[in-house]
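By convention in this document, chain letters (A, B, ...) are assigned in the order of the sequence lines, proteins followed by strands, and residues within each chain are numbered from 1. Just so it is clear, the values below take in all heavy atoms, side chains as well, and ignore hydrogens, waters and symmetry mates.
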There are 2 protein chains.
Amino acid sequence: MSLAAIETQSQEPVKNGRKSASEVPDTRFDRRLADVLTHASRIFWEKGYEGASMRDLSRATGMSLAGLYHYFESKEELLYLIQKHTFTTIIERLRQRLEDATDPEERIRIFIHNHLEYFLANKEAMKVLTHEDETLKNGRGAEIAAIKRDYYRICLGLLEELGRAQGLQFSGRLAVLSLFGMVNWIYTWHNPRIDADANSLARQMGDLFLHGVIHAAKPKRKNSKRKL
Amino acid sequence: MSLAAIETQSQEPVKNGRKSASEVPDTRFDRRLADVLTHASRIFWEKGYEGASMRDLSRATGMSLAGLYHYFESKEELLYLIQKHTFTTIIERLRQRLEDATDPEERIRIFIHNHLEYFLANKEAMKVLTHEDETLKNGRGAEIAAIKRDYYRICLGLLEELGRAQGLQFSGRLAVLSLFGMVNWIYTWHNPRIDADANSLARQMGDLFLHGVIHAAKPKRKNSKRKL
DNA sequence: TAGAGGTTCGAACGAACGTTCGGTTAGCTC
DNA sequence: GAGCTAACCGAACGTTCGTTCGAACCTCTA
């Protein structure tokens, strides 16, 4: 996992927000911070945010307790940096992949595949993102919540596309949140030794969800374009 | 929520396991313990297990810090008692309701309805159950894990019934865990002011899931009993 | 090679944590 | 009302928590 050149650019000024948006410096500082964040993700993943201590992180990184604070200003900012980087990366990749596709069903499959692929490849950070959902407070919490809302809206948009294309009538909100449940719950059960990989899981969950939505929804009254 | 007459009967002896299995004493002790557990559920729900302190619980119950320990032996047992009672209650209710029904599709709808109804009526305890999944250690953790496995197996059995009845071939494990994701994720989003109630949600999620399973699965090769 | 600034550290801070101890109070039986 | 046990409490225990301070170290430039 490369966390280099992390952008903070928070609404409230933070210690590390010292680069302009476009350039990618990858200095020694950035590389070391990325290394620390990787270790922090693993520790939060194992023990939860509250259960993890800065001394655990000190032990894992081999850095002194005081030395860690050269790279961030508080434990809370640590969580914020992990969540922000994870969320923005998954959304960025999704946007790129959606550019290629126009078929509504295909676009929803891309959403599911992108989510699962990133989830399984970065399970520590993704559990920290989903499990520690309400942990951040005030400004930082609001910023992550805004990104989450973006992600929700993208998915809702994809489903409304599908509904229009096939002339379906259903609750987009319930469908999106059901889908989020399906794909996010993975961190509680996925075992790489016995469970399928991201491609296979995405196909199966895509089948389950899409057939569910399409066949459970009632067709709109007039001008229904739904096949059969 | 009535938590009276809680049975502990752990594998390892616990302080409160002092009643035989069948009788329902409902003594002053039991009633006060149930009251404490209700408050504890709410605090764990708000702040998480690690984030909640015994002083929070002391404040909420109006009881002294030392006085609390008259009712349980540790904070961990507190979590254990909440999880055990919640899980056994939901399973007990499910078993009763399943007695009436024979149609496989109907039985899965009963499962979903039972889960959602209890979830929305006891959201604090149910979040504590699902969110603090890996918190308990050793004996107590193993005991809750065993109950969870029971619950999983019941659901898997219902799905296999459906598969046999309709001649479907699909991964029961993936279907069960997807369903669990859908229904358990609720605690992250359900807002009683804007979202539907348990009956309506159970119907919609039942539609989504059942149509998904039935239409996504490929029919078995020979002796398919599937209608149409 | 001197100086500057980025990097790292040992040691400690005050606060909060879960739990315990010795003792007091309340409710019950005789 | 004496005697007993369950119920409860104030005060503290020892530990761990996130964070900070001043000083040292390293690395690069002038």
* Asked: Hey, is B:Lys75 close enough to B:Glu132 for a salt bridge, meaning N to O under 4.0 Å?
  -> no

* Does B:Glu99 pair with B:Arg95 as a salt bridge, N-O distance under 4.0 Å? ->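 B:Arg95 and B:Glu99: not salt-bridged.
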
* To do: Rounded to the nearest angstrom, tell me the gap between atom CG in A:Leu68 and atom P in C:dT8.
  =>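 Result: 10 Å.
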
* Asked: Please give, in whole Å, the distance from C:dG27 P to B:Phe29 CZ?
  ->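 Value for this atom pair: 17 Å.
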
* How would you list, by chain and number, every residue that makes a ring pair (Phe, Tyr, Trp, His ring centres under 6.0 Å) with A:Phe119, sequence neighbours excluded? ->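 If we apply the ring pair (Phe, Tyr, Trp, His ring centres under 6.0 Å) test to A:Phe119, skipping adjacent residues, the hits are A:His115.
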
* Asked: Has A:Arg32 got a side-chain N or O lying under 4.0 Å from the OP1 or OP2 atom of C:dG6?
  ->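 No, because none of the side-chain N or O atoms of A:Arg32 sits under 4.0 Å from OP1 or OP2 of C:dG6.
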
* Asked: At under 4.0 Å, does any side-chain N or O of B:His70 touch on OP1 or OP2 of D:dA7?
  ->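 It does, given that an N or O in the side chain of B:His70 lies less than 4.0 Å from OP1 or OP2 of D:dA7.
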
* Asked: Mind checking whether B:Tyr152 and B:Phe180 have parallel, tilted or perpendicular rings, split at 30° and 60°?
  ->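 Answer is perpendicular, since the angle exceeds 60°.
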
* **Protein proximity profile, nucleotides 13-30 of chain D - base contact B, sugar-phosphate-only contact S, no contact -, cut-off 4.0 Å on heavy atoms** => ----BBBBB---------

* Would the A:Tyr151 and A:Phe111 ring centres measure less than 6.0 Å apart? -> yes

* So is A:Lys148 actually on top of A:Phe87's ring, under 6.0 Å and inside 45° of the axis? ->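 So A:Lys148 doesn't make the cation-pi contact.
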
